[in-house]
Each structure stands twice: as C-alpha cells, then as structure tokens.
Engineer: 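Sending over a structure as structure tokens; questions will come in a sec.
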Amino acid sequence: MDRIRIVGGNELNGVIPISGAKNAALPLMIASLLTSDTLTLENVPHLADVELLLRILGNHGVDVSVNGRRERQGEGYSRTIHFTCRTIVDTTAPYELVSKMRASFWVIGPLLAREGRARVSLPGGCAIGTRPVDLFIEGLTALGATMEIDSGYINATAPKGGLIGGTYTFPKVSVGATHVMLMAASLARGTTVINYAAREPEVVDLAYCLNAMGAKISGAGTSTITIEGVHSLSGARHRVLPDRIETGTSAMAVAMTGGDVTLEGTDFALLDTPLDAVRRAGAEITVTPSGLRVVGHGHAIRPVDVVTEPYPGFPTDLQAQFMGLMTRANGVSHVTETIFENRFMHVQELARLGARITLSGQTARIEGVTRLRGAPVMATDLRASVSLVIAGLAAEGETTVSRVYHLDRGFERLEEKLTRCGAVVERITD
Ligand code: UD1
C-alpha cells in the first residue's frame with residue numbers, strides 16, 4: 001500500500017494549478033444518464049473517485065470517450081470527457097460499486113426520472129458519520145416515487161407516466177439530495193419547488209449544466225430552487241468549476257509553511273469564508289488575473305475560531321486542514337463541526353506530530369505549539385489525510401502518511417504539485 005514521505009520545514013514557493021472540482025465533476029457525470037445525447041465535460045480531474053464513477057456509469061450503459069490528448073490547464077492535467085448514454089442498459093447500481101463511494105448512490109435520480117425505476121444499493125463512502133439517505137427517500141417520494149428498502153437496496157419506482165413535480169422542504173441541508181432532486185425534477189411532469197436547498201457552488205454548477213441541456217431550473221445558489229419539468233434533455237458542453245477544497249487546502253498549507261504561492265485557475269468568490277479565516281490567521285491573500293496569490297509567514301499564526309456550516313459558511317471539507325493550521329497558532333483556537341458527527345479522526349494523528357488538541361463534544365480546543373515534529377501517521381478519510389500532509393510539511397523532520405488511497409480519491413497529483421513548490425514529498429510504493 002502506498003505511503004507518502006514528507007521532510008518538513010521548507011517554504012512553499014511557486015504556482016499550484018487548481019484542478020476541476022471533484023464534488024462538481026461527480027454529479028455532472030451522473031447527469032449524463034439523463035439524455036441519449038452526448039454530454040461533454042471539460043476540466044474533469046484525474047482522481048480515483050472519478051475513475052470509479054466511470055465504471056459505474058459504464059454499467060448503466062454510458063459510453064465514455066476521453067480526449068486522447070490531455071488538456072493542459074496551466075500545469076494541471078484535467079481532461080475533457082464525452083459521455084453518451086443512448087439507452088440505459090441496467091437500472092441496478094450494485095453494492096460492490098456503490099459501497100466504495102457514497103456519491104454513486106446519486107444515480108438513483110436520473111435512473112428513476114428516465115426509466116421510471118431504479119434499484120440502488122445503500123451507500124458507503126468516508127467513515128465520517130452515519131450519513132443516512134432519508135432525505136433522498138423523502139424528496140423523491142414528494143415527486144410521486146414509491147421507495148422501498150429491500151435487502152440493503154432501495155427499490156424506487158415512478159408512477160405510470162413518470163415522476164410528477166411537487167414541493168419538498170428539506171429539514172436540513174443536503175448537497176447530495178439537492179443534486180438528486182435537481183436531476184429527477186428536470187424530467188418530471190410539472191413544476192417542482194425545493195425549499196432549504198443546498199447553496200453550494202457545485203449545486204449551481206450542476207444547475208447551469210442541466211439548463212444548458214434544456215432543463216428549466218431557476219434559483220440555484222439560493223435556498224429555494226424551482227424546476228419546471230421538461231419532456232427530454234439534450235447534450236451540452238460544460239466546464240467543471242475549480243476545486244474550492246483544493247484551493248483552501250493549498251492556501252492553508254502556505255499559511256502554515258510560509259512562502260509565496262499563486263493558486264492558478266481558481267476563484268476567490270467560491271470560498272470567501274474559509275479564505276477570510278486564513279487571512280485572519282495571518283496570511284495575505286490577493287486576487288490576481290490568474291487566480292489567487294497567498295503569502296504565508298509560517299510563524300506568528302494567529303488563533304481563529306471556526307464553525308462548519310453549509311455554504312456559504314465554513315466548509316466541513318476544510319475543517320481538518322484548518323485544524324492542522326491552528327496547531328501552530330500562537331494561542332488557543334476552537335473548531336466546531338456541525339455537519340458530520342464523527343469528523344475528528346485526524347485529531348489523534350495530529351497529536352502524534354505534537355499537536356495539543358482536546359475534544360469536547362463537537363468542538364476541538366487547539367492549543368497552538370511552536371513546533372511540530374515528524375512522525376508516522378495514518379490517513380483516516382479523504383480530507384483528514386490532506387491535513388496530515390500539510391502538518392507534515394510544517395513539521396520538523398520526517399512524516400510518513402499511510403493509507404494514501406484516501407488522498408487519491410480527491411487530490412489530483414498532490415505530491416507533484418507540492419514538490420514543484422519546493423516541498424520534499426515523495427510517494428513510497430511498498
Ligand atoms: C457532500 C460532499 C462532501 C461534503 C458534504 C457536506 C460530494 C461528493 N460530497 O457530501 O464532500 O463534506 O457534501 O458539505 O459532493 N444527511 C441526512 N440524510 C440524508 C442525506 C444527508 O441526514 O438523506 C446528513 C448527512 O449525514 C450529513 C448532512 O446531512 O450530516 C450533510 O450531508 P450532505 O450534504 O448530504 O453530504 P453529501 O452530499 O454526502
């Protein structure tokens with residue numbers, strides 16, 4: 001199993017090209033199930049989760065062709081991929097595939113909307129909480145579907161003639177369930193209104209792409225989204241938006257190690273809340289014509305309290321990385337997690353590097369230390385794993401991060417990007 005070895009202590013200087021967003025690419029790829037025409041997506045990151053979803057979509061009948069030449073965006077390597085699903089050949093998404101990535105459960109929306117039925121395994125994914133699917137069941141039921149659980153699968157059936165527009169008010173914000181409602185309601189008869197919808201940029205990106213395919217969605221990016229159902233959708237060409245989690249992670253790394261890095265091809269507006277927290281911690285962040293410039297000092301990091309919230313609040317996907325940054329602050333900070341109940345598994349690993357963190361319920365109290373010392377640590381989930389990498393970059397001596405398959409799910413060419421900025425990072429394959 002691969003490990004990453006880091007020798008900490010170097011500043012980061014140079015350019016980090018930001019890849020297309022994993023969390024936008026996945027629902028956009030799934031949207032290809034809604035049409036028999038070709039959906040072309042540009043700027044698709046090369047990640048384990050994307051490769052797995054390609055396999056899953058292939059099972060349903062999606063024909064995939066990847067541009068022979070790699071698209072070169074700055075120094076990035078995201079690709080253009082064409083998806084064509086002339087007919088859906090299988091409406092079952094099996095446990096073996098869905099259990100590996102929670103987002104693959106989202107195929108339930110397009111399968112149900114286009115074929116009138118779907119049998120989808122209950123999901124797996126990162127071990128960061130119970131992550132139920134009740135909101136998907138309630139939402140699709142509001143569109144007239146019958147949803148039954150049977151032997152670990154959900155059997156979803158649309159009424160004769162297809163799904164029917166309806167009104168659904170989410171009791172809590174769910175990104176995935178909002179994606180699924182957008183896709184399902186686009187092909188329903190009549191108008192659907194979703195209240196308390198997720199406002200994440202990735203939801204807006206999906207709505208934008210669906211509209212380019214002929215859907216009639218308004219209000220994406222606000223809490224109320226209206227979808228006027230259409231009879232069919234066509235193909236389109238769409239560019240995946242930049243990854244705000246990779247952007248924030250990179251900014252936090254520079255704030256921690258010190259240095260001067262341009263984050264190329266990204267957009268401040270996608271993540272002003274977390275970038276504001278990084279600024280308050282002491283880094284300088286400016287908008288440049290090509291993206292963002294981050295200047296970090298690596299010392300005199302100021303303590304900042306954050307609470308994770310749905311967008312536009314501080315993202316849960318940057319919580320572990322920000323905690324990493326706070327381990328070196330000159331004072332006490334607090335990080336409160338409100339989205340997932342079990343998302344502090346990185347705390348014990350950061351402690352192995354010398355961090356002083358105590359947990360009380362959903363809040364971590366971090367007492368900054370002047371230095372971290374390298375140690376062997378273990379990645380526990382996707383975002384936690386990268387917090388260990390950035391802490392390792394700022395630690396004295398050698399850190400090895402094992403179970404890096406978590407990292408490969410969501411960060412494209414991480415070692416290469418960091419190495420080009422002066423970090424000592426290498427992958428060890430045993
Ligand atoms: C997406 C992101 C993930 C991010 C999360 C929150 C992708 C591929 N993943 O995950 O990186 O951390 O948003 O920003 O885009 N919930 C229920 N019932 C449901 C569905 C969700 O109770 O039916 C709960 C979850 O357990 C969690 C909360 O709602 O506590 C938010 O989850 P959700 O927004 O659905 O996360 P994902 O879409 O899975």
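Remember, it's 1-based here, ligands and their atoms both numbered in the order they're listed. Small disclaimer: the values here were computed from a predicted structure and weren't measured. Basis for what follows: all heavy atoms, side chains included, without hydrogens, waters or symmetry-related copies.
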Engineer: Is there a nitrogen or oxygen of Val175 sitting under 3.5 Å from a nitrogen or oxygen of ligand 1?
Structural biologist: yes

Engineer: Using the six-membered ring wherever Trp is involved, compare the ring planes of Phe105 and Phe136 and label them parallel, tilted or perpendicular (cut-offs 30° and 60°).
Structural biologist: perpendicular

Engineer: Does a donor on one side chain sit under 3.5 Å from an acceptor on the other, for Thr38 and Thr84?
Structural biologist: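 Yes, a side-chain donor-acceptor pair sits under 3.5 Å.
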
Engineer: Taking the basic N atoms (NZ, or NE/NH1/NH2) and the acidic carboxylate oxygens, is any pair closer than 4.0 Å for Arg102 and Asp49?
Structural biologist: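 Salt bridge: no.
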
Engineer: If you measure only the distance, is there a donor-acceptor pair under 3.5 Å linking the side chains of Thr308 and Thr316?
Structural biologist: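 On atom types as modelled, these side chains do not qualify, holding no pair under 3.5 Å.
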
Engineer: Is a salt bridge present between Lys417 and Glu246, judged by a nitrogen-to-oxygen distance below 4.0 Å?
Structural biologist: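 Glu246 and Lys417: salt-bridged.
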
Engineer: What atoms of ligand 1 come within less than 4.0 Å of a heavy atom belonging to Val133?
Structural biologist: 19 (C), 23 (O)

Engineer: List ligand 1 atoms under 4.0 Å from Trp106, heavy atoms only on the residue side.
Structural biologist: 7 (C), 8 (C), 15 (O), 38 (O)

Engineer: Is any N or O atom of Leu135, backbone or side chain, closer than 3.5 Å to an N or O atom of ligand 1?
Structural biologist: yes

Engineer: By the side chain to side chain donor-acceptor pair (under 3.5 Å) test, which pairs, at least two apart or in different chains, include something from residues 168-177?
Structural biologist: Glu138-Tyr168, Thr169-Asn195

Engineer: Looking at ligand 1, does Pro132 have a heavy atom less than 4.0 Å from it?
Structural biologist: yes

Engineer: Under a 4.0 angstrom heavy-atom cut-off, which atoms of ligand 1 come close to Asp317?
Structural biologist: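 In order of numbering, the contacting atoms are 3 (C), 4 (C), 11 (O), 12 (O).
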
Engineer: Measure from NZ or CZ of Arg199 to the centre of the six-membered ring of Tyr311 and say whether it is under 6.0 Å with the direction within 45° of the ring axis.
Structural biologist: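 No.
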
Engineer: Taking 4.0 angstrom as the limit, do Glu337 and Arg343 come out as a salt bridge?
Structural biologist: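 No.
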
Engineer: Looking only at the side chains, is there a donor atom on one of Thr336 and Gln362 sitting less than 3.5 Å from an acceptor on the other?
Structural biologist: no

Engineer: So for ligand 1, is Ala177 a polar contact partner (N or O within less than 3.5 Å, distance only)?
Structural biologist: no

Engineer: With side chain to side chain donor-acceptor pair (under 3.5 Å) as the rule and sequence neighbours excluded, what pairs involving residues 53-66 come up?
Structural biologist: none

Engineer: With a 4.0 Å cut-off on heavy atoms, is Glu202 in contact with ligand 1?
Structural biologist: no

Engineer: Do ligand 1 and Arg383 have nitrogen or oxygen atoms that lie under 3.5 Å from each other?
Structural biologist: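 No, there is no polar N/O contact under 3.5 Å.
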
Engineer: Please verify whether a non-hydrogen atom of Glu337 lies at under 4.0 Å from ligand 1.
Structural biologist: no

Engineer: Less than 3.5 Å between some nitrogen or oxygen of Glu200 and one of ligand 1, yes or no?
Structural biologist: no

Engineer: Going by distance only, is there an N or O of Asp134 that falls short of 3.5 Å from an N or O of ligand 1?
Structural biologist: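 Such a contact does occur with ligand 1.
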
Engineer: Is the shortest N/O to N/O distance between Arg102 and ligand 1 below 3.5 Å?
Structural biologist: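 Among all N and O atoms of Arg102, at least one is under 3.5 Å from an N or O of ligand 1.
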
Engineer: Please state whether the rings of His179 and Trp106 are parallel, tilted or perpendicular, taking 30° and 60° as the class boundaries.
Structural biologist: tilted

Engineer: Answer yes or no for Phe170: is there a heavy-atom contact with ligand 1 below 4.0 Å?
Structural biologist: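 Phe170 does not count as a contact of ligand 1 under the 4.0 Å cut-off.
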
Engineer: What do you reckon, does Ile137 put a non-hydrogen atom under 4.0 Å from ligand 1?
Structural biologist: no

Engineer: Between Asn23 and ligand 1, does any nitrogen or oxygen pair lie at a separation below 3.5 Å?
Structural biologist: yes

Engineer: Should you measure from each heavy atom of Arg343, which atoms of ligand 1 turn up under 4.0 Å away?
Structural biologist: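 Near Arg343, meaning under 4.0 Å from one of its heavy atoms, ligand 1 has 12 (O).
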
Engineer: I need the contact type for Glu138 against ligand 1. Using non-hydrogen atoms and a strict under-4.0 Å cut-off, is it side chain, backbone, both or neither?
Structural biologist: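 Neither part.
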
Engineer: Is any NZ, NE, NH1 or NH2 atom of the basic residue among Arg244 and Glu202 found under 4.0 Å from an Asp or Glu carboxylate oxygen of the other?
Structural biologist: yes

Engineer: Going by the closest heavy atom to atom 29 (O) of ligand 1, which one wins out of Lys172, Met101, Lys22?
Structural biologist: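 Minimum heavy-atom distance to atom 29 (O) of ligand 1 goes to Lys172.
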
Engineer: Does a donor on one side chain sit under 3.5 Å from an acceptor on the other, for Lys216 and Ser186?
Structural biologist: no

Engineer: Report, in ascending order of atom number, the atoms of ligand 1 lying under 4.0 Å from any heavy atom of Thr316.
Structural biologist: 6 (C), 12 (O), 14 (O)

Engineer: Can you tell me which portion of Phe136 lies within the under-4.0 Å heavy-atom range of ligand 1? Options are side chain, backbone, both, or neither.
Structural biologist: both

Engineer: Which of the atoms of ligand 1 are close to Gly176, meaning less than 4.0 Å from one of its heavy atoms?
Structural biologist: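 Per the distance check, 35 (O), 38 (O).
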
